[in-house]
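Working notes, structure below.
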Amino acid sequence: MASKASPKAASRHGAAKVYDFDRIYDRRQFGSVKWANQWDEFSPRVEGENLLSLWTADMDFRAPETVIERLREAVNHGIYGYTRRDPRHYEIVRAWFERRHGWAPALESLLPAPAIMPAVAVILRTFTKPGDGVIVQTPVYSPYFEVVRGNQRTLLTNRLLLRDNRYEPDLDDFERLAANGAKVFLLCNPHNPAGKAWTREELEALNDICARYGLLVISDDIHCDIRLSTLPHVVFSSISEDAADRSFICTAPTKTFNLAGVPSATLSVANKARREALLFAMQTSFMVNANYFGRLALETAYSTGDQWVDQATIYIGENVRLVREFALAHLPGITPMLPETSFLVWLDARELDRKVDGIQRFFVENAGVNLYDGRVYGPGGEGFIRLNVGCPKSILQSGLQRMSDALSSRK
């Protein structure tokens, strides 16, 4: 059964189209990382017959029909030469964020990027030097470790505090790191893997420390659009002029609309001198030319995708509730941390992890379900697993049942 259309979706573009998120598609034929159970050609593949892939962060839903139609037109045209962004490109980006999150960055603050992580890398290379400290809040998205260490910067881990199954910032430790050589704070906003929506008060407290010690802030906002609670997305640069002056806001439609294979991103840099320096660095790294398909996907998704996102959010919320209820009844020793945003559920399985000598491997070998091992996310991730619920309900139900059966069989 397809999910119900939301009133918000119907109001923006007339009568709402009802999207079918229950349909299952075979993704293996086009080299899907998720369903090949392999991150890239350098990573070890997770082996097993009939594995259900509920790990890496892309969804198993088709993109909005408007995006598919626009890309189909471009494919059928048959000439894929150098391309430019629509003259209204940045107006389209700003309109999306103003409409969805109440944030309207100045058009002149916006810069293009091929994707968020390449942008983070060039920001670090432009505004820091080898050996400079970069704070990340663990457990956190693992490529942060790679981008810091791989660019010869010093990784500084500010471990989040876990209280009542929710994360809070450890401000005392954050200030200790800021006072001892940190130059940059790499913020995951909202937080991946926990799906935490940072509050304005939390961001203000972090910014106060950054201001005291002169830290720049790189904010990765890629998971901001799928809102599962009433908490708003608070863009770091929106909390004060000072925060805007020190920050680089990194956005992309790729998680929102399942477009990771046709990437395109946008940066907001309010500080004019830093913006010009960053643009020069990206130009000399040949990072600003528009991707033929990526820019079309971004412009079309942000212009026409409200209905799709609203309905996908409802469907994902139902999947989260399914996980919560199923875990309570059938997954002893596993406690879901309910996300406030995104399509990822962080599962606390620390007690089980010790008993089975690695819970992620246990479920691969005994349930045929591949989840993300929490250890990948750094200190504090041990014993956790990340579950991707951005999939048809039948796949999720099958995966949960397999996990339950595997736990029952070990008794």
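Counting from 1, the numbers follow the sequence of the chain as shown.
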Steps toward side-chain contact (heavy atoms from CB on, under 4.5 Å) verdict (V234, T199): CA-CA 7 Å; V234 182; T199 67; over 6 Å; no

Determine, stepwise, if the pair M337 / L162 fulfils side-chain contact (heavy atoms from CB on, under 4.5 Å). CA-CA 11 Å; M337 183 181 293; L162 183 59; 3.5 Å; yes

Does Q137 form a side-chain contact (heavy atoms from CB on, under 4.5 Å) with K196? I'd like the steps, not just the answer. CA-CA 12 Å; Q137 295 178 305; K196 175 183 170 61; over 6 Å; no

Are V120 and L186 close enough, and set up right, to give a side-chain contact (heavy atoms from CB on, under 4.5 Å), and what steps lead you there? CA-CA 9 Å; V120 172; L186 178 49; 4.2 Å; yes

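No more than 12 heavy atoms of other residues, nucleotides or ligands sit less than 6.0 Å from atom CD of E351. Heavy-atom contacts from other residues, nucleotides or ligands closer than 6.0 Å to CG of D357 number 12 or fewer. Heavy atoms from other residues, nucleotides or ligands lying under 6.0 Å from CD of E241 number 12 at most. Y80 OH: more than 12 foreign heavy atoms inside a 6.0 Å radius. Within 6.0 Å of CZ in R94 there are more than 12 heavy atoms belonging to other residues, nucleotides or ligands.
Atoms CG and CZ, on N151 and R149 in that order, are 13.0 Å from each other to the nearest 0.5 Å. For the atom pair CZ of F362 and CZ of R410, the computed distance is 6.0 Å after rounding to the nearest 0.5 Å. Between L279 atom CG and L267 atom CG the span is 10.0 Å, to the nearest 0.5 Å. The distance from atom CD1 of I123 to atom CZ of R274, rounded to the nearest 0.5 Å, is 11.5 Å. With values rounded to the nearest 0.5 angstrom, L231 atom CG is found 7.5 Å from R227 atom CZ. One finds the CG atom of D225 at 5.5 Å from the CZ atom of F97 (value rounded to the nearest 0.5 Å).
Side-chain contact between V364 and L51 is present, with heavy atoms from C-beta onward closer than 4.5 Å. Residues E204 and S240 have side chains not in contact (no heavy-atom distance under 4.5 Å, counting atoms from C-beta outward). The shortest side-chain heavy-atom distance between V262 and V67 does not fall under the 4.5 Å cut-off. Proximity of L347 to V323: side-chain heavy atoms (C-beta onward) are separated by under 4.5 Å at one or more points. A heavy-atom distance below 4.5 Å is found between the side chains of E175 and R212. Taking 4.5 Å as the limit, some side-chain heavy atom of Y372 sits within range of a side-chain heavy atom of T56. W308 places none of its side-chain heavy atoms less than 4.5 Å from the side chain of K17. A 4.5 Å side-chain heavy-atom check between D353 and R375 finds at least one atom pair inside the cut-off.
The pair D306-R100 meets the salt-bridge criterion, since a charged nitrogen lies less than 4.0 angstrom from a carboxylate oxygen. At a threshold of 4.0 Å, the pair D132-K129 counts as salt-bridged, since one of the basic side-chain nitrogens sits closer than that to a carboxylate oxygen. Between E69 and R72 no salt bridge is recorded (no basic side-chain N to carboxylate O distance below 4.0 Å). One finds a salt bridge joining R176 and D173 here, because a Lys/Arg side-chain nitrogen approaches an Asp/Glu carboxylate oxygen to under 4.0 Å.
Ring centroids of F61 and Y19 are separated by 6.0 Å or more, keeping the two rings apart. For F384 and Y377, the ring centers are positioned 6.0 Å apart or more.
With hydrogens and angles ignored, the 3.5 Å screen pairs no side-chain donor or acceptor of S285 with any backbone N or O of M287. In terms of modelled atom types and a separation under 3.5 Å, the side chain of N165 and the main chain of P336 share a donor-acceptor contact. Of the possible polar contacts, one joining the T313 side chain to the V309 backbone as a donor-acceptor pair under 3.5 Å is found. Distance alone, capped at 3.5 Å, places no donor-acceptor pair between the H233 side chain and the H223 backbone. In this structure, T341 contributes its side chain and A197 its backbone to no donor-acceptor pair below 3.5 Å. Side-chain atoms of T154 come within 3.5 Å of backbone N or O of G131 as a donor-acceptor pair. Of the possible donor and acceptor atoms, one in the side chain of N158 sits under 3.5 Å from a partner among the backbone N and O of D170. Of the possible donor and acceptor atoms, none in the side chain of N189 sits under 3.5 Å from a partner among the backbone N and O of S219. Remark: side-chain polar atoms of Q360 are paired, donor with acceptor, to backbone N or O of L371 under 3.5 angstrom. A donor-acceptor pair is defined here as one N or O able to donate and one able to accept, closer than 3.5 Å; no such pair exists between the side chain of N370 and the backbone of S53.
Heavy atoms only, all atoms of each residue included: S264 and A252 are closest at O-CB, 3.6 Å. Minimum heavy-atom separation, A63 to L259: CB-CD2, 4.0 Å. Nearest heavy-atom pair across L54 and G399 is CD1-CA, 4.3 Å. Here the closest heavy-atom approach between residue T138 and residue G378 is recorded as CB-C, 4.4 Å. Listed here is the closest heavy atom pair of S342 and I316: O-CG2, 3.9 Å. Nearest heavy atoms, F236 versus N207: CZ-OD1, 3.4 Å.
Checked against V134 for a side-chain contact (heavy atoms from CB on, under 4.5 Å), the options I218, L156, L215, L124 give a single hit: L124. Evaluated for a salt bridge (Lys or Arg N to Asp or Glu O under 4.0 Å) with D60, the options K393, R28, K34 yield exactly one hit, K34. Results of the ring pair (Phe, Tyr, Trp, His ring centres under 6.0 Å) test with F185 over F174, F248, Y144 single out F174 as the only residue that passes.
Sorted by first and then second residue, the side-chain hydrogen bond (donor to acceptor under 3.5 Å, both in side chains) pairs involving residues 323-340 (not counting sequence neighbours) are R166-E340.
For D58 and N258, the side-chain atoms include no donor-acceptor pair closer than 3.5 Å.
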